[in-house]
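Here is the structure we will look at, set down as structure tokens.
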Amino acid sequence: MALQVTFTQDMGQTHQLDAEPDESLGSLKQRLSVMFGVAAVGLRLEHEKRALLDDAISLEELLPADREADEDEEAPDRPQLLLHVSVRSAEETSQLQALTGSPRAEVVHLLGRLPLAALSQEVILTAVGRAPEALGHVGEWRDEKEVVLRAVAQDGLVLEMASEVLKEDEEVLLAAVSQNGLALEFAVERAKAEPKVVRAAVAQNGLALQYAAESLRADRATVLAAVSCDGLALRYVSDALRADEEVVLAAVQQCGRALRFARDACKAQAAVVAEAVRKEGAALRHAALGCRADAGIMALAVAQDGLVLEFVSEEGKCQKQLVLAAVRQSGLALEFAAPALRADPEVVMAAVDSQGLALRHADHASRSDRSLALRAATRDVRTLAYVGEGLTGDRSFALEAVKHHGAALRHLPAFAGDREIVLSAVQQDATMLGVASAALRSDPSVVFEALRSDPSAVLYAAEPLKRDRDFILAALQVNPQSLAYLPDVQGDRQMVLQAVSGDGSALRHATDALLLDEDLVLEACALNPDSLSHAPALIFEDDDFVLRAVARQPRAFSFASHDVQSDPAFVLEAIEVNPATFQYCCQELRQDPAFLLKAACQTPAVLSYVGDDVPVDDDFLLEVVALRPEAASCLSGGRGKDKDFALRAVQKNASAIRYLGVDDDFALEALQLCGDALAFLDSFQSSKPAVLAAVRSSGTALAHASQALRADPEVCLAAVQSDPMALEFVAEVFKADRSFVLPVVQKNGRALIFASKELRHDEELVLAALATHTGAIVHAPPALRSERTFVRRAVRQAGLALEHVDSELQSDEEVVLDAMSQDAFALQHANEDLRKSSRFLTQILERFGVADDPEGQPLMESDAEELLHKVQVLEAVEAEVRSDRGLLVELQRRRHTLLKSLACVTSDEAIHKALRAGVFSLGRALRSLEWFPDLWNAALAEQLLCQQQLVEAHATDKALLVEALRSQAISLQHLGELQPDWCSDREIVLAAVEQNGAALRHAATLLQDDGGLVAAALRNDGFALAFVAPESQDQALLLPALQWHVARVARVAEARARSSSAPELGQICDWVQQCMFLSRGVLDKLGANEGLAVEILRLETSMRGLHGLTALPTLRDFIAVELEDDVFRMPRRAELRSSRTFVQAAVKEGLFWLQHASEELQRDRRLVLHALKHDRFSLQHAAEELRGDRRVIQQALRHSALALGLASDRLRRHKRLVLEAAAENFAAFDLAHDDLKSDKRFVLRVVHEAGFALQFAAAALRADCDVVLEAIRQNVYSMEFAADELKADRDFVLKAMSINPTALELSGEVIKADKDLMLQALKLSPAAIGRADTSIKSDKEVVLRAVEQNTLAAYDAAESVLDREFVQEAAHRKGPLCGEILDEVKEVRKLPFRSREPEWFVELYNSKFS
């Protein structure tokens, strides 16, 4: 029966809990910790004024001892337990938490750091309870009996540390010796003479007798208790009792060896000795000679331990049966048999069968017996060391021996070079390869044979073999685990992959560097998926690696950490890469329907991997199919073949039929349910029955029918009857058939757009379309829309059609009045001049009977529709006279009078029509007064009066009231004042809060606790939180509401950023204030909640975005003030900065930088890698040790090559990393270690990728011809950073020009003025003349050489060179055309050639050659 636990507190409060009798005190504390909101260790429980410190005791142990007797009587009440509960101080709680959370070994060290004098008794009790040895470190607390009792109850030996006074206390002594009898040693001498204490000690450990007083060691009862516990205690017994047969018998019955301490008289008593050897045969050695010759005793002894044959009499050693019994028990007993029996075949055989090594004690003839020797060797190969010499040289014996036991080869050195024997040996024991001759250890086939059974055999291969790469590859193929014994190749990629291909576990033998090489691990995974189980856990902290791994092998996800497996966002990424990953995510996610829905909608193939343990019903699958039809092909459990389910799937998503097995019957049924499925059934698009079934279900399915069936009258008629818009897909002949089209447009005027051009000229047809769609007139031809007679007919039927008629007719008063007779709001589409004409507006009022005050005029209920129309006419006119205060007031008064009458109409149809028209809406009442706010109060009062009348007239019509609330014709406040019961109606309240969240304040108290209502109210208005019942303010309700409001502000910020339309200033401020109000309320309720923190960060980001984007000072100041609110400090609290899930979520969205995270999280490798994906600056905030992590730096370099500067010295020396960084950004080379900048081979590789990196190379290498030329090949302008002496070197410059002639421009000035070099340079590039010194460009010989190469080179020549003599010489060398061009160059442009644009010259050149 459950018991009732009553808790009392210091202030008199009481609490009650139900509990099971066997519930532990610790479990009860956990429940109380939730109730009081404190840690369990911070609660102090007392029972009958005694503190309860042992959490392991059950509640049943605290019940009264006479409870069982009470249970026998009929008692209607449950057992009750009264406990006192109090909350410890924060300091005491902290101390207890530290002690209970520390390992035993650290308790003493921790206690030493605490102020002993200030510690409470419970802290000391907890300390000595956790680590009894702490008693020696608690100072004066050793004088406290309760503390010592607690300690000795855990370890009796700590009695040594108790005070001298307590060492005399009987209760303390009994507790100590009951735990460990040897604690008696530390009792005071007087206590050692106390029978009660000593008997308790020897009952626990008989050897405690040694510490007892002499008087008690001579006490028969005490001694019997001691030797019964441990027979060896006999050694501490008085001499008199060691001669007492009863005492000695009790001792040897417990331990046979105790016979050693008995007096000689007892050692000669057969009964005593028999008991001793029965317990322990070796006790015979302590027996008297007479007993050792006793046949019965000898038989008992050797049966128990054959080796005691050593201590039997000589006569006994000659007794064959006794010896046989001994050797059968232990073969080595043969050593103590008589010589004659050691030559007895039967005895020797029995001994060998028991222990093969017994052969060593047999006579020479027996040791030379072939069969006996083999028999012994099969049991113990060491026997071969003692066989006759004739056998160890016998090849056939050796071969047979090694077949039985390979290690036999060790004792047969003569055959170490015999191939057959060695092969047989290594097949049995691979280590015997080490005994083989050097020749055989150099034989690959022998080594491979050994490797098949033991990978360590490779250790015994000859050294030359172990240096042979081909041999090692072959050895790893034979036994991949041999990699463990080949340290020299454990860092060799090819070798490791060879081993892994045969055995995935071989990966664990690779070097640390290779194990952290992601590419290698992935290759290993591809070769053998099992290898991943031996990859280091560190590598799975990298999300990118995990994704690459699951792409190859989904089981790789099972090796990721629990954090990774339980991260919903990341698991979705992994599933997208490989759907089979779903099998390996954490159980919580696999069994979470919401997560599975996300996964299936993202990657439908995941459904193929859903196990039976995951609850998936038909409705869930149909929801997936509705979004992703291909999911129909991934269904498990035979659902895809279930016809009913398949039909429901097609109903949800027509395209699902593509993924289902389709036969004729199923196709017809599916088309009857969902005609759109025809689009995916090509083979049925020409089948009339199938198409008929489809179009009857969905008329627009006709679009997918064959051309022939789209011209079939029956099919087309069925289609348009199902959906008039199917007219778009019928054959042209039907679109031109008036009798076919007329019923269609009568049903849906929108279909007029698909009628033929001729039919759209048909007035009656257009009017029929207007009856169901006022915009149908837009599809009529312009001529018809300009025809006054037709237009008047049209607008009488659909007033709003006035919008689409000819503009001249929109100025026609009669046409407008006709339109307003059907819909008063057609006035807005009239010509602007007409709408501003007071004469025409007066005419409208007179035409519709609202020119005079309606008061005093009889208003009949039957005229409700006319009444509504008049109200609408007045509203329409009000909208046009908003600037005329007097007229506006008069019109409003008339309208309110009409509304009061309309509110009293009892016809449901009429009043519903009025409500749908919105004439009672408060917003509509105030809209026309936007220029005159001073009139709002009067208008509001009038409107509220109308609402009151509406409620009074229809107070019992719930449907009408709901409609009125939704159209804002009435408010819940006024409805509640008139009919309070409606405020308790959920449907009524829901309609109210959906329009105005603050209406929740007028709802009944019970409904203020309704989750659905509260959610609707909060979504409409964040300030509604003030009216939500406190008990219903939980995370599930508050966070979604805050998320919705924050998302709205975020959308405003995005709209501002895109310069697109955004709400007005007042609206933005209101939305921000709602977010702030909600944030404060949620913070007060939930505290430092991670979800709330993320939303606050998101709100802060959006508000800062608005602050930076807006040019409105008012909005900027408002946001600046709000950003100072304390609520924005909440996400930076210590507990959140230490929360991995929060920091990761915030960093992912760019809401939080790693710099704000705790130091512990800045050391979290996976988090840092995650942060680097979203924020390239995260590396500077990562822990120092992570800057030495190659994977972390690689991730950082992907975002910024300059992150290399934050890497450790070791990684800045890492050639591959530096090369990757420099290739991305040449400036990264400046951050490499100086050793690399001086490494010529490496610098060559760098400048090959990034020529500009040359500027950061060591000075010596910037003067190195090879390095600079390599840089020039990558980028010629990198020559700028070459050493000056190199740029002045003629040979170097020519080599550089052969790569890129522009190099001349970057060479030294002395080079540009070198005529001989220029003549050589011109052979490489005629353009070199343009980069030469002015003196060179004025040298006719040089310029002529350039022109010979290319006439265009004259463009770069100096002006002074182009004289007649030069032109003639050029024409002579190159041809007359060249002379012509040069002449024109000279005459056309008189400017210096360096200032001319090249285009004109190129055009001239091309025109001459064309």
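All figures in this text were calculated on a predicted structure; none of them were measured in a lab. Side chains are part of it too, since the values below use all heavy atoms of this structure and drop only hydrogens, waters and symmetry mates.
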Under the side chain to side chain contact (heavy atoms under 4.5 Å, CB included) rule, what do Cys255 and Glu280 come out as? Steps first, then yes or no, please. CA-CA 7 Å; Cys255 177; Glu280 201 168 347; 4.0 Å; yes

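- When all heavy atoms of Val273 and Ala287 are compared, the closest pair comes out as CG1-CB, 3.6 Å.
- No donor-acceptor pair under 3.5 Å is formed between the side chain of Glu106 and the backbone N or O of Pro103.
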Just do the side chain to side chain contact (heavy atoms under 4.5 Å, CB included) check on Arg395 and Ile421 with the steps written out, would you? CA-CA 9 Å; Arg395 187 178 186 278; Ile421 290 176; 3.9 Å; yes

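- Contact check for Val348 versus Val352: side-chain heavy atoms found under the 4.5 Å cut-off.
- Legend: residues meeting side-chain contact (heavy atoms from CB on, under 4.5 Å) with Asp305, ordered by chain and number and at least two apart, are Ala282, Leu307, Val308, Gln329.
- Between the side chain of Arg367 and the backbone N or O of Ala362, at least one donor-acceptor pair lies under 3.5 Å.
- Applying the side chain to side chain contact (heavy atoms under 4.5 Å, CB included) test between Gln204 and each of Val177, Leu182, Asn180 identifies Asn180 as the sole match.
- Cys291 SG to Lys267 NZ: the interatomic distance, rounded to the nearest 0.5 Å, is 11.5 Å.
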Would Glu310 and Arg285 count as a side chain to side chain contact (heavy atoms under 4.5 Å, CB included) here? Give the steps. CA-CA 9 Å; Glu310 178 182 0; Arg285 70 188 300 174; over 6 Å; no

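- Remark: Gln269 CD to Leu249 CG distance equals 9.0 Å, nearest 0.5 Å.
- Under 4.0 Å is where a charged nitrogen must lie from a carboxylate oxygen, and between Arg410 and Asp429 no such pair does.
- Closest of all the heavy-atom pairs between Arg292 and Leu284 is CD-O, 3.4 Å.
- Defined by atom type and a distance below 3.5 Å, a donor-acceptor pair is missing between the side-chain atoms of Asp369 and Ser366.
- Across all their heavy atoms, Val197 and Leu174 have their closest contact at CA-CD2, 4.0 Å.
- Considering only heavy atoms from C-beta on, Pro195 comes within 4.5 Å of Leu216 through its side chain.
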Acceptor/donor pairs from residues 187-194 side chains to any protein atom, 3.5 angstrom cut, sequence neighbours excluded:
| residue | atom | partner | partner atom | Å |
| --- | --- | --- | --- | --- |
| Glu189 | OE2 | Lys192 | NZ | 3.4 |
| Arg190 | NH2 | Glu168 | OE1 | 3.4 |
| Lys192 | NZ | Glu185 | O | 3.2 |

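- Taking CD of Glu275 as the reference point, atom CG of Leu259 lies at 11.5 Å (rounded to 0.5 Å).
- Closest heavy-atom contact between Ala416 and Val422: O-CG2, 3.3 Å.
- Side chains of Val227 and Gln254 form no contact here, defined as non-hydrogen atoms less than 4.5 Å apart.
- Salt bridge annotation for Asp353-Arg328: absent, with no cationic side-chain nitrogen under 4.0 angstrom from a carboxylate oxygen.
- Across Leu209 and Ala233, no two heavy atoms sit closer than the pair CD2-O, 3.9 Å.
- Considering only heavy atoms from C-beta on, Val435 stays 4.5 Å or farther from Tyr460 through its side chain.
- Contact check for Val123 versus Trp141: no side-chain heavy atoms found under the 4.5 Å cut-off.
- Counting heavy atoms from C-beta on, the side chains of Val277 and Gln304 never come closer than 4.5 Å.
- Looking only at distances, no side-chain donor or acceptor of Ser178 sits under 3.5 Å from a matching main-chain atom of Ala175.
- More than 12 heavy atoms of other residues, nucleotides or ligands shown are found within 6.0 angstrom of CZ on Arg370.
- No side-chain heavy atom of Arg360 sits under 4.5 Å from any side-chain heavy atom of Arg382.
- Here Leu372 contributes atom CG and Thr383 contributes atom OG1; the two are 9.5 Å apart, rounded to the nearest 0.5 Å.
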Take Glu146 and Leu125 through the test side chain to side chain contact (heavy atoms under 4.5 Å, CB included) and record every step on the way to the result. CA-CA 8 Å; Glu146 190 175 352; Leu125 288 171; 3.6 Å; yes

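- Two residues are said to be in side-chain contact when any heavy atoms from C-beta on lie closer than 4.5 Å; Met161 and Val138 fail this criterion.
- Nearest heavy-atom pair, Ala183 versus Leu159, reported as atom, atom and distance to 0.1 Å: O-CD2, 3.5 Å.
- Taking 4.0 Å as the cut-off between side-chain N and carboxylate O, Arg217 and Glu214 count as a salt-bridged pair.
- In this structure, a donor-acceptor pair under 3.5 Å is present between the side chains of Gln355 and Ser330.
- If you take NZ on Lys279 and CG on Leu300, they are separated by 14.0 Å, rounding to the nearest 0.5 Å.
- Going from atom CZ of Arg242 over to atom CG of Asp264 covers 10.5 Å, rounded to the nearest 0.5 Å.
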